[in-house]
Amino acid sequence: MAGLYLHIPFCKRVCAYCDFYKSADLRPMKAVVEAMHDELRREAGFLPAEQLRTIYFGGGTPSLLPPEELEEFIAHAAELFDCTVLEECTVEANPDDLTPDYLRRLARTRVDRLSIGVQSFDDGELRLMNRRHTADAARKAVRQAQEAGFGNVTVDLIFGVPGFGAATLARNLRETVALGVQHVSAYHLTVEPQTAFGRRMAQGRFSPVTEETSEEEFLTVHRTLRDAGFEHYEVSNYALPGRRAIHNSSYWSGDPYLGIGPAAHSFDGECRRWAVADIGRYLAGGDRYESERLTERDRYNETVMTALRTAEGLDTKAIGRRFGPARLETLLDAARPWLDAGDATLRDGRLAIPAERFLLSDAVIAALVWECSGSVMIKYFYEFANIDHSAVPLQVKHLPVDRRYEPNYQKSDKI
């Protein structure tokens, strides 16, 4: 089964940390929506004979579209794919957009999961990040979504924000738990060069938190949400039992997906493809895509990297079957120091990093990947999935990356 990702690349305001592809000029939005329907029609064959398991509206800010237009995309997908097994349909939303009227209309669509970009319940922290909502608006948005009938709500939080310490984070977590949401994505702030924070840092006016603070805040998030009944199932993601994000989990397990819209990525199991990160060029049509076919080494490295970000870890028996006994032996030899130190476990053939040690995932992954030309060839996973990588755990960004995939990259999909 496969996933469908629709990238709505528009925002009313650009957040200070965000390097996801977006535009604050809303004038082309209608033309982009029409072009996305055309692209969906033309590119449906990228996923031949696939059943759609999930649909995900990401951005940008998908909640800038009226609910009726979101439903038109879902209906269009149902004409092109078998959606009889559709398990999840998610819309990312800004709290300000979730008015009672908007939510009533959205509840009449096939959207059944809301991802609300709260980021913080502290007004000062929100102002620093240039978010357009207030803490009170965020609280109201979550409650009103629940009152409108949405029983699967996820909240995004950002920690590791300079100038806001343990007390602010603790309050953010308490409020999140008290709201009774089913899922939390908690990301460490990452300062990217082409963002407002990045420009301030280059001028010496902004500095990231220390590694010690990163570790302390990561463990605070982990322990608080774990004690509240959430499963820490991926480095940045926590879910109540049975409420994992199905769409984003499919990225980590290597399932195929079709991305529609400017800068959206697609994967058919062998080839990755991404659309141009430019609205003007996207609307002009023509050759919108770049692509690459994964090598054996690419597949191995991505399998190791994505699996070790999850609670289930890496199926070593599958590695042996897919990549051969010699590669498996090399993997286990490289893992031995981490196993001896207790920073990794090997049980029933699964190599995993304990959730409270996820902050070490970069070092473990770097030790286990298949080296190439003297450097580790890890293509940072968020750059291939349709996930925002502007606010992900800081240590993961420090992995050595093949430079073909780094400095001018415009977007990643969040969770």
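Index from 1, following the sequence.
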- Under a 4.5 Å cut-off applied to non-hydrogen side-chain atoms, are H188 and V161 in contact? no
- Query: Should the heavy atoms of other residues, nucleotides or ligands under 6.0 Å from CD of Q203 be counted, would the total exceed 12?
  - Reply: yes
- Message: Using the rule given for side-chain contact (heavy atoms from CB on, under 4.5 Å), can you reason through V91 versus L70, listing the C-alpha separation, both sets of side-chain angles and the distance that settles it, and then say yes or no?
- Response: CA-CA 9 Å; V91 170; L70 297 173; 4.0 Å; yes
- Message: Would you say that more than 12 heavy atoms from the other residues, nucleotides or ligands in this model lie under 6.0 Å from the CZ of R223, or not?
- Response: no
- Under 3.5 Å donor-acceptor, E87 side chain and R53 backbone: no
- Message: Are V111 and I55 packed together at the side-chain level, in the sense that at least one heavy-atom pair is separated by less than 4.5 angstrom?
- Response: no
- Short side-chain to backbone donor-acceptor contact, T61 and S63, under 3.5 Å: no
- Message: I need the minimum non-hydrogen distance between V85 and L52, along with the two atoms involved.
- Response: CG2-O, 3.6 Å
- Which heavy-atom pair separates L65 from Y102 by the least distance, and what is that distance? O-OH, 2.7 Å
- Query: Could R113 and F150 be counted as a cation-pi pair, given that NZ or CZ must be under 6.0 Å from the ring centre and within 45° of the axis?
  - Reply: no
- Query: Distance-only, no hydrogens or angles: does the H265 side chain make a donor-acceptor pair with backbone N or O of F267 under 3.5 Å?
  - Reply: no
- Does the ring centre of H37 sit less than 6.0 Å away from the ring centre of F73? yes
- Would a distance-only check, ignoring hydrogens and angles, find a side-chain to backbone donor-acceptor pair under 3.5 Å from E50 to D268? no
- Query: Please walk me through it: do K12 and D97 pass side-chain contact (heavy atoms from CB on, under 4.5 Å)?
  - Reply: CA-CA 11 Å; K12 288 183 178 178; D97 298 327; 4.3 Å; yes
- Using side-chain contact (heavy atoms from CB on, under 4.5 Å) as the criterion, point out the one residue from K22, Q119, R131 that pairs with C15. R131
- Query: Would R226 count as a cation-pi partner of Y238, with NZ or CZ less than 6.0 Å from the six-membered ring centre and within 45° of the ring normal?
  - Reply: no
- Message: Test side-chain contact (heavy atoms from CB on, under 4.5 Å) on V221 and L169; report intermediate values, then the result.
- Response: CA-CA 8 Å; V221 175; L169 177 59; 4.0 Å; yes
- Item | Exam field: side chain R350 to backbone L314, donor-acceptor pair closer than 3.5 Å | no
- Task: Look only at the side chain of S266 and the backbone of L258, and say whether a donor-acceptor pair between them is shorter than 3.5 Å.
- Result: no
- Query: Side-chain contact, heavy-atom cut-off 4.5 Å: P354 with T345?
  - Reply: yes
- Note on the structure: CD of E147 to CZ of R143, rounded to nearest 0.5 Å, is 8.5 Å
- Query: Do the non-hydrogen side-chain atoms of R171 and D122 ever get within less than 4.5 Å of each other?
  - Reply: yes
- Item | Heavy-atom donor-acceptor pair, T195 side chain to V191 backbone, under 3.5 Å | no
- Message: Just so I know, are the side chains of T176 and L157 near enough to count as touching, which here means a heavy-atom distance under 4.5 Å?
- Response: yes
- Report yes if some heavy atom in the side chain of V32 is under 4.5 Å from a heavy atom in the side chain of L283; otherwise report no. yes
- Query: Is atom CZ of R110 surrounded by more than 12 heavy atoms (other residues, nucleotides or ligands) closer than 6.0 Å?
  - Reply: yes
- Query: Taking all non-hydrogen atoms of both residues, which atom of G3 and which atom of L47 are closest, and how far apart?
  - Reply: O-CD1, 3.9 Å
- Task: Please report the closest heavy-atom contact between L103 and A145, naming both atoms and the distance.
- Result: CD1-N, 3.5 Å
- Sub-3.5 Å donor-acceptor pair from the side chain of T316 to the main-chain atoms of G349, do we have one? yes
- Message: Go through it in stages, so that I can follow the logic: the residues are Y56 and E88, the test is side-chain hydrogen bond (donor to acceptor under 3.5 Å, both in side chains), and I'd like the CA-CA distance, side-chain angles, deciding distance and then a yes or no.
- Response: CA-CA 8 Å; Y56 193 102; E88 179 187 273; over 6 Å; no
- Note on the structure: Residues V181 and F230: closest non-hydrogen pair is O-CZ, 3.6 Å
- Should R309 and F358 count as side-chain neighbours, where that means a heavy-atom distance under 4.5 Å? no
- Item | Residue pair A307 / T310: nearest heavy atoms and the distance that separates them | O-OG1, 2.7 Å
- So, the side chain of Q51 versus the backbone of T84: is there a donor-acceptor pair under 3.5 Å, distance only? no
- Message: Against R272, only a single residue in E292, E302, E290 fulfils salt bridge (charged side-chain N to carboxylate O under 4.0 Å, His left out); can you say which?
- Response: E302
- Item | H183/Y233 aromatic ring centres below 6.0 Å | yes
- Within the distance-only criterion (no hydrogens, no angle test), does the side chain of Q182 pair as donor or acceptor with the backbone N or O of V153 below 3.5 angstrom? yes
- Task: Answer whether the closest heavy-atom distance between the side chains of S115 and V155 falls below 4.5 Å.
- Result: no
- Query: Would a line drawn from the ring center of H7 to the ring center of F20 be shorter than 6.0 Å?
  - Reply: yes
- Here the side chain to side chain donor-acceptor pair (under 3.5 Å) pairs for residues 322-341, sequence neighbours left out, are E296-R322
- Message: Please evaluate residues S253 and S250 with respect to the criterion side-chain hydrogen bond (donor to acceptor under 3.5 Å, both in side chains), reporting the C-alpha separation (whole Å), side-chain torsions for both, the decisive distance (0.1 Å), and the verdict.
- Response: CA-CA 5 Å; S253 59; S250 70; 5.7 Å; no
- Message: For E231, I'd like to know if atom CD has over 12 heavy atoms of other residues, nucleotides or ligands within 6.0 Å.
- Response: yes
- How about Y257 and Y5: are their ring centroids closer than 6.0 Å? no
- Query: Are T134 and D136 close enough, and set up right, to give a side-chain hydrogen bond (donor to acceptor under 3.5 Å, both in side chains), and what steps lead you there?
  - Reply: CA-CA 5 Å; T134 64; D136 188 54; 5.4 Å; no
